[in-house]
Each structure stands twice: as C-alpha cells, then as structure tokens.
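Each chain gets a letter, A, B and so on, in the order its sequence line appears, and its residues count up from 1.
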Protein chains: 2
Amino acid sequence: MPAKRPNRYSERRGNDWMGKVKRRGRPIRPRPDNAPSLEDVARRAGTSIITVSRALRQPDKVRPETRARITEAVEALGYIPNLAASSLVSRRSGIIAVVVPTLGNSTFVDTLHGLSDGVTATGRQLLVGDTGYSETAEHALITALAGRRPDGIAIVGLVRNPRTRTLLSSLGVPVVETWDMTDDPIDHVVGFSNTEAGRAMTRYLLDKGRRRIIFVGAHEPRSRAREAGYRSALQDAGLSGGTTFFTEEPPSSFGEGRRLMHRIANLDPRPDAVFFSTDVLAVGGIIECQHLGIEVPREIAIAGLGDLEIGRSIVPTLTTVQIPSYQMGRRAAEILSQRLEGAELTQKIVDFGVNIIARDSA
Amino acid sequence: MPAKRPNRYSERRGNDWMGKVKRRGRPIRPRPDNAPSLEDVARRAGTSIITVSRALRQPDKVRPETRARITEAVEALGYIPNLAASSLVSRRSGIIAVVVPTLGNSTFVDTLHGLSDGVTATGRQLLVGDTGYSETAEHALITALAGRRPDGIAIVGLVRNPRTRTLLSSLGVPVVETWDMTDDPIDHVVGFSNTEAGRAMTRYLLDKGRRRIIFVGAHEPRSRAREAGYRSALQDAGLSGGTTFFTEEPPSSFGEGRRLMHRIANLDPRPDAVFFSTDVLAVGGIIECQHLGIEVPREIAIAGLGDLEIGRSIVPTLTTVQIPSYQMGRRAAEILSQRLEGAELTQKIVDFGVNIIARDSA
DNA sequence: TTCGTTTATGATAACGTTATCATAGCAGCA
DNA sequence: TGCTGCTATGATAACGTTATCATAAACGAA
C-alpha cells in the first residue's frame, strides 16, 4: 500500500491569512471564466491537483481506484484541460502553424488537408493563416503565429525574405517549406521543382512535335519558376524566346483561362500549344477552345499543371503535371512529428519529382 | 516629471538566497526555450516588466523616451510576446476555432477564407479542424479545440448532436453556425435554408416546364435538406415521389457527377432535368452530357447548387443556386468580433436567402 | 500654502498547468 | 533485521504574462 496522506488542493485561494496581512497586487476575485480547473476536479475526487494531472496524462501511474474517482469527477464537471497553461509550463504548445499564400486556391487547400490529417493524428492542432501572396503580410503573419510558440511550422512555398528566414530559424522549431524545391531550405523542404516541372512539360510538348508553344502564368514565384523551365527547354531545343501571357492576379480562375485563351487564339501565327501554369487556367482554355470550335489537341495542344480532379473528367481529358498536394501536406506533417519525437532527420530535402500525366489534350 | 524609481526586473531567477534555504520543487534551470521574455526586454531597456508590457499594449501610457528604449530592446532581442501566458492571465486567447466537415471541399474553404479575412482583421488567429463528416469526430474535435479556450467558435453546418450542443453552450463563448438555417441555433446562425434552396430550384425547373426531374445528392445533412425541398416542391406541383441518386461518399467530385449522369441518361423514360446537389456534380453532369451527345438544356436541363466559379465558365453556363460561401464566413467573423467587443446582438439569425442564378443549362 | 488630481512607473499576485523532488508504505532480498 | 528499490501520492516552484493596487513626482485649483 502506497502513501496515503491528507492532501490539500492548493489553497492559494481563500487562505485565512488574507486580510490579516496587508496585501498588494491582484485581489482574489471569483473566477469569471467558470470552466472547472484541475483544482475543482481534485477537490471532487478527494485527491491532489498533481494526481489528477497524472491520471489524465499517464493513467498507469495512478491506482485504478483513484483513477476511477478522477474520471468520475472529470465527467461530472465537464473538465477540459486548459492548454494555454499546459503550453506555458511544458513548453510544448501542441500547435502546428501553417502559412498559405491564399485560401482561395483549392490545391493549396489539399496540402492543408494533408497537414490536417497528419497533424491531428498526433493530437496536435492547426493554426492557419494566409498571406495573400504578400511578403510583408507573410512576415507579420509568421511573427503573430510565433507568439503562440508552435511546435512546428509548415509553409506553402519557399520563404524568400531573408528577415523572415532568419526569424524562422531563430524560433528553434522544425520548419517545413513545401510546394517548391531548393538546395537551401530553412530547415526541411518537401516539394518538387517548379522549374523542372515547367521544363518537363515543355519538353513533352516539343516531343509531340509542337513548336509554337505559349506559356500562361502569373506574377507569382512558383509560376515564375515554371516559366523559367519552359524557357530553358525551348532554348535547349534551339527555339528562341518563348512567349508568356500573364493573368491579372493570382489565384487563377477558369474565367481567366478562357479570356487568355481567347486572346491567344487570335494570334497570328496561331500557336500550336498552350502550356498553362495551373490546371484551373488550362480547363478554362479547353472550354474556350471548345467554344471557339478549335479542336484540341489537333489544332492546339493544351497542357496544365496540378492534376486537379476536373482534369480527369473534362473532355478532352487534360494532360498535366502531377502535383501531390495532399501528399506534400501529409509528408510535411510526418516530418514535423518525427522531429518532435526527437528524431534528427538526415534527409532535409524531399523531392517528389515531376510526373507528366499524358492524357488527351496534348 | 513622474516617478522614477530604481527598479528591478523580477529577480525570481538567480536569487542568492537559493542554496542557503533548502529548496523543494522545480529547480531553476537555464531556459531551454531561449526566446526572450518581457524580463529580458525590461533588463535591456532599464525598466520594469510591467512597463514593457504596457508599452506594447498601451503605448500612450508610457513616456516617449521610455517607449523608445523599450522599442529598441524589443527589436534588438527579437522579442515576441508569449501568447500562452497572455491567454492564461487575461482570459482572452485571441483564437477563433473553426470546425469544417472537410477541407476537401472548396466551397467550405471559401467560408474559411472569409473567416480568415474577418478574423485576422481583428488581430485574432484561426484554429482549424475538420471532422470528416463524423459526429463523433466533431465532438472530439470541439472538445480538443475548447482546451485552447477560444474567444469564439465558428462551425460549418449545424451541430446536431445534443451533447455537442450542450458542450458548446457551456463554454460561454459566442458560437456561429453557418451553411444552414434553423430556428434554434446554439447561439448564432449565418446561413441559408438548404431545404428552401432545394425547393426553389425545383420550382424553377418546374416553371421551365420540366416534369421528370431527378435529384442527385449525398448521404450528408445539407444534401438531405435540399432533397427534402426538392420533394416538397414536387408534391406541391402534384407530382408524385421524386427520384434520388446518391453519390458514394461526400465530398463530391466531377467524376462522380459524370458517372451518375451516365446512369441517369440510360433511364427509361429519360428524365428531362437533373438537379445536382452541388455544382461540382452538376459540372460533371454537363461534361457527361456533352460526351454522350445529349443537348443541354434542350434534351435534359441541368442545375447545380453553390455558384462555383467554373459554373460561369463552362459551356453551357450552369444554372445554379447562389451560396455566398465567402460572405457567410466573413459575416460569421464579424458577428464574433462584435460579440467580443461586448455587443449583445439581438439578431441571432442571419438568413442570406436563396437566389437562383438562371444561366444556360436550365 | 494645502490638498486633490494626474502622470508615469512599479510591486505583487494570480492565471492553470507541469517538472522536479520528496516521502510514506510496502515488497524483495541478503 | 536492515537495506534497497518500487509504487503511489504529494508539495512546491515555475512558466511569462496581465490585473490590480500603490506611489512618487508634477500639476493645478482653492
């Protein structure tokens, strides 16, 4: 039989020495937040605060009878641990911060989905913010999120701003960048080379005999990288220049794809292929071709990037570059989890590579 | 000139009485988390902790010179306030918890987007979780989120489980349910009647002279409500029954829309209209009709629900029910903000109503 | 001059939890 | 018998911040 001593459940409140001694500082007030605390549970279970804490976190360290009384009290009071207090003292917040350029782009959301699945599997929670593609907003957002002392940080995209990179390194928590590739990640990178993706698809189109290939992209880093790959592939093939059409603004839309395709169709000479930087734009392109009576791929080949579900359904089905959006999120979450369990991962760079999905449109 | 006294910046650590007195409890260790605290800033600025705290939160309460020294120290040290400590003592977490059925559905994500914009405008942060359409997961998720003591909670959908409803009420924070309508919200509801939406679109199709209308939906509460509206409109028109095709599982996909449309096209007699529960399914339906050479809307009218962007771009453009996804999120955030500023809103129910967008497909 | 008010700053306690050490009782063992 | 180790429990301090009250100096009004 182990020690069983009379206990008290922290009598910080309501001590009778109060009022005798002249007191300063915050007075004892009735708790405005009426959520039960460990103290309430302990009182009801007739045990000490610390034993309740243990019963909840390491049940096998507590005698079954004690545990039963505690469980009863927890249920009866509807006790929910205050994770702010827990974070403060344990220095583990159980929060993974996620930074997305925009919540208006469904492929980024797939990554968020993968992160959510991976993160909640380890009992942690997702704190999400979007930057609207602004570097200034990104820095501010990350600063704000850092105040929550997240256990890890996942970012869609590479962080370009040196100040922000320094900030992230200095936080002392694992960081995963995604959706792009670099030799020099802040900590980890799980992604693919957008440049390589642009190059691979352009090569594919060249291999199919296309020569007048137009690129459609946005003023946004990942699109720029794809464009660079496109131009390099043209150059390798001994073709000059290359022509880019730009969307008004990210994120891209089907309608924007249609509008740009409309303009492109009027070019003279007409191109024989259009490589859209995203599937959304490409589907818009296909729809516009259909509308204009342009036969795809006979007259114009159309390619996208992203492997969105609609690309498999539209007629003609869309030739595209596979981007494992969900998987990148999932993998990022796993890397963070492993790091948080103390693993020192040697592989800092996970390159999913690029994979052309050849379908009917090109 | 105000008081200027010698100060000390909380000498809790490193006191020299340590070691003389026999100590129990946690020993003083070097901070493993090397993030600077208010204490570090105060030391560098030559002032007290509390003055630093004030300088950051109520700058006008601190003399400009003092403030300048503090600002310098904050910059130099890269101080970022620990929000867990702040939450604990101030009982304001600055967190809005968001519960979504799935992150795999882009229309829910638009609501998340609206929430994000509205919430970050007030300097708060978004803690996100998805339930995978499971009531059990929903309860567990909300319990977990509640541990973070959020200042407010936004939920996509109505909470059906009575235990979960009780839990949410007991938290004592504002709650907004969205994406549906009820007379009896837990606290607030910002949405529209899915039943009314189903009824309105069905009436529209009936008005267009359609008589053999099929409904395509999912085994999921909002879809069920739309189906109920569909059936009630048929009944009002003196038509019997109604026929529903179900998707395998939510969330819906373009491919699933095509598959179901394929089956529906083979029915004998063939229907003259198909009302899809979501735009994604409906677009799949249009694509399949195109593929089968079925003329839309002459042979079969097709209608959707959600007013996704692609519906405006596809040919024929999609007749649908407008759902202000982004706006619902935005409005939900505003309601939460107002409540948190102390407003007692009399209007607990915000009904965006339903709005048929008549386009070419029906 | 006196006294109340304002301004700027500080001291202290408290928020609710966990890390660490302490200890009573018991079992096992030589 | 005495020692060691184990089990179950507890006491205390600490995490980093904010709420509250206190106070010195300056200011203003009577």
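Taken over five-pair windows at either terminus, the axes of the helix from C:dT1-D:dA30 to C:dA30-D:dT1 are inclined to one another by 40° (rounded to 10 degrees).
Distances shorter than 4.0 Å separate none of the side-chain N or O atoms of B:S53 from OP1 or OP2 on D:dT17. For C:dT17, the OP1/OP2 oxygens have no side-chain nitrogen or oxygen of A:S90 closer than 4.0 Å. OP1 or OP2 of D:dA19 lies within a sub-4.0 Å distance of a side-chain N or O belonging to B:R57. For A:T66 and D:dT9, the shortest distance from a side-chain N or O to OP1 or OP2 is below 4.0 Å. In this model, the phosphate group of C:dT17 is not approached by any side-chain N or O of A:S86 to a distance below 4.0 Å at OP1 or OP2.
In this structure, the side chains of B:I95 and A:R148 come closer than 4.5 Å at one or more pairs of heavy atoms. Side-chain contact check for B:Y133 versus B:T102: some heavy-atom pair is nearer than 4.5 Å. Two residues are said to be in side-chain contact when any heavy atoms from C-beta on lie closer than 4.5 Å; B:I153 and B:V173 meet this criterion.
D:dT18 atom C1' lies 9 Å from atom CG of B:L38, rounded to whole Å. Put simply, CG on B:L56 is 13 Å from C1' on D:dG16, counting in whole angstrom units. Regarding B:I49, its CD1 atom lies at a distance of 11 Å from the P atom of D:dC15, rounded to whole Å. Rounded to whole angstrom, the span from the CZ atom of B:R149 across to the C1' atom of D:dT17 amounts to 17 Å. Note: NZ (A:K61) to P (C:dT18) measures 16 Å, nearest angstrom. Between the CD1 atom of B:I80 and the P atom of D:dT17 there is a distance of 11 Å, given to the nearest Å. Spacing between atom CD of A:Q58 and atom C1' of D:dA8 amounts to 12 Å, rounded to whole angstrom units. One atom, CZ of A:R69, and another, C1' of D:dT9, lie 11 Å apart when rounded to the nearest Å.
Comparing B:A85 and A:T51 against DNA chain D, the residue whose closest nucleotide sits nearer the 5' end is A:T51.
In the interface, the side chain of B:R54 is paired with the base of C:dG10 through a donor and an acceptor atom under 3.5 Å apart. Not a single donor-acceptor contact under 3.5 angstrom links the side-chain atoms of A:R91 to the base of D:dG16.
Distances from the side chain of A:R63 to the nucleotides C:dG10, D:dA8, D:dT17 place D:dA8 closest. Listed candidates were D:dT18, C:dT17, C:dA19. Nearest to the side chain of A:R92 is C:dA19. Of all nucleotides listed (D:dG16, C:dT17, D:dT17), D:dG16 comes nearest to the side chain of B:L88. Checking C:dA11, C:dT18, D:dT9 against every side-chain atom of B:I50, the shortest atom distance belongs to C:dA11. Taking every side-chain heavy atom of B:N82 into account, D:dT17 is the closest of C:dG16, C:dG10, D:dT17.
For the residue pair B:H188/B:R339, the side-chain donor-acceptor check at 3.5 Å is satisfied. Under 3.5 Å, the side chains of A:S169 and A:T166 contain no donor-acceptor pair of N or O atoms. For the residue pair B:T131 and B:S134, no side-chain donor N or O sits within less than 3.5 Å of a side-chain acceptor on the partner.
Contacts of B:R57 classified as side-chain contact (heavy atoms from CB on, under 4.5 Å), with partners at least two apart in sequence or in another chain: B:S53. Considering only residues two or more places apart in sequence or on other chains, A:H139 meets the ring-ring contact (aromatic ring centres under 6.0 Å, His included) condition with none of them.
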